[in-house]
Protein chains: 2
Amino acid sequence: MSRILTLSSQVQACCPTNAEPAIARETASEISGMLKALADPNRLQILAIISSSEDQEVCVCDLTEPLNLTQPTVSHHLAKMVSAGILEKQKRGTWSWYRLNSSAWQELAGFFQFTKV
Amino acid sequence: MSRILTLSSQVQACCPTNAEPAIARETASEISGMLKALADPNRLQILAIISSSEDQEVCVCDLTEPLNLTQPTVSHHLAKMVSAGILEKQKRGTWSWYRLNSSAWQELAGFFQFTKV
DNA sequence: ACCTTCTATCGATAAACGTCTATTTATAAT
DNA sequence: ATTATAAATAGACGTTTATCGATAGAAGGT
């Protein structure tokens with residue numbers, strides 16, 4: 001690392017660097033896509049409501065009141081999380097039911113454990 | 001839950017709901033603030049580079065080349081992560097050194113374990 | 001067939017974001 | 001003092017985002 005050699009080099013250049021990405025660009029994009037779909041207080045509350053619900057699933061109308069959001073906004077949040085792979089949607093009758101995609105969640109949890117301090 | 005009682009009620013209303021937030025609004029905002037600061041491929045790569053670096057810290061100029069971003073852009077990403085509490089900054093001489101804030105990271109990891117499927 | 005209820009989609013708007021170039025500030029070396 | 005280097009800040013620009021009201025579609029009950 002050149003910064004250690006600063007004193008001995010005429011030009012005190014900073015960074016020859018290893019220049020290695022250290023994580024695949026694809027992986028970074030995939031994970032960041034899921035994180036982006038989570039990075040909102042209302043969405044975190046949606047997850048909390050799901051996991052504290054009796055059957056581990058909710059419909060849209062379960063959420064509008066506790067979140068104090070309109071129905072289209074709630075639908076939008078849910079759709080984003082589905083398309084990021086965090087939630088799964090199942091339509092039964094008139095209702096749409098949303099539950100956690102456990103493998104996606106495990107992937108995220110794994111990322112935070114694996115990328116240790 | 002009213003959806004189970006649908007048949008017996010005259011108005012088939014959907015959701016009396018518990019209406020409990022199930023997670024503190026503050027907690028949701030704090031966590032989502034950190035997630036927002038992470039939800040970008042370049043920022044994830046910054047973390048990866050930090051944790052694969054010998055001393056677990058990097059300066060700005062370590063990052064511009066592997067990320068193929070300009071110096072102000074890299075500074076911006078780092079500043080956002082610092083202000084979200086994910087990174088810590090220490091200025092030594094001309095360089096600014098950034099390293100992971102391990103307690104913030106543990107808080108995140110804990111969130112993903114605790115909020116189990 | 002009609003009405004009601006639940007959800008999705010459309011279009012709009014204001015805010016936030018990622019990125020750049022240009023400039024300024026801080027620190028060190030000559 | 002001057003010069004050189006590292007990093008931060010300011011300003012600009014195009015894109016994405018969260019939110020809403022209005023509307024459309026889908027499904028069930030009468």
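In what follows, chains carry the letters A, B, and so on, assigned in the order in which the sequence lines appear, proteins first and then strands, with residues in each chain numbered from 1. Both backbone and side-chain heavy atoms feed into the values below; hydrogens, waters and symmetry mates do not.
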statement: B/Lys91 and B/Ser96 have their tightest heavy-atom pair at CD-OG, 4.1 Å
message: Suppose we call a contact any N or O donor and acceptor under 3.5 Å apart; does that hold for the side chain of B/Gln71 and the base of D/dA6?
response: no
message: Distance check needed: D/dT9 P versus B/Leu78 CG, whole Å only.
response: 12 Å
- prompt: Looking at the side chain of A/Lys36, which of D/dT17, D/dA6, D/dT19 is the nearest nucleotide?
  reply: D/dT17
statement: Here the distance between atom C1' of D/dA8 and atom NE2 of B/His77, to the nearest Å, is 15 Å
- prompt: Expressed in angstrom and rounded to an integer, what is the separation of A/Glu57 atom CD from C/dC6 atom P?
  reply: 16 Å
- prompt: At their closest point, which heavy atom of B/Asp40 faces which heavy atom of B/Asn42, and how far apart are they?
  reply: OD1-N, 2.8 Å
- request: Compare side-chain N and O positions of A/Ser96 against OP1 and OP2 of C/dT7 and report whether any pair is under 4.0 Å apart.
  value: no
query: For D/dA8, does either OP1 or OP2 sit under 4.0 Å from a side-chain N or O belonging to B/Lys89?
result: yes
message: Side chain of B/Asp40 only, heavy atoms from C-beta on: which candidate in C/dG18, D/dT5, D/dA8 is closest?
response: C/dG18
- request: Find the distance A/His76:NE2 to C/dG11:P and express it as a whole number of Å.
  value: 15 Å
- request: In whole angstrom, give the distance that lies between atom CH2 of A/Trp95 and atom P of C/dT4.
  value: 16 Å
- prompt: For B/Glu107 and B/Ser103, does a side-chain donor sit closer than 3.5 Å to a side-chain acceptor?
  reply: no
- prompt: Is any side-chain N or O of B/Arg43 closer than 4.0 Å to OP1 or OP2 of C/dG18?
  reply: yes
- prompt: Side-chain donor-acceptor pair under 3.5 Å between A/Asp55 and A/Ser53, yes or no?
  reply: no
- request: Output the single nucleotide from C/dT9, C/dT19, D/dG21 whose closest atom is nearest the side chain of A/Ser75.
  value: C/dT9
field: Atom-to-atom span, CD of B/Gln90 to P of D/dA7 - whole angstrom
entry: 13 Å
Whole-Å distance separating the CH2 atom of B/Trp97 from the P atom of C/dA26: 21 Å
Minimum-distance pair of heavy atoms, taken over all atoms of A/Ser32 and A/Ser29: OG-O, 3.1 Å
query: What nucleotide, of C/dT19, C/dG18, C/dT27, holds the atom closest to the side chain of B/Thr94?
result: C/dT27
field: Minimum-distance nucleotide to A/Thr73 side chain [options: D/dT19, D/dA8, C/dC6]
entry: D/dT19
message: Using heavy-atom distances to pick each residue's nearest nucleotide on DNA chain C, tell me which of A/Lys91 and B/Ala39 is more 5'.
response: A/Lys91
- request: Considering just the side-chain nitrogens and oxygens of A/Tyr98, establish if one lies under 4.0 Å of OP1 or OP2 belonging to C/dA8.
  value: yes
B/Lys80 NZ - D/dA7 P separation (whole Å): 20 Å
From C/dA8, D/dC20, C/dA22, nucleotide with atom closest to B/Pro72 side chain: C/dA22
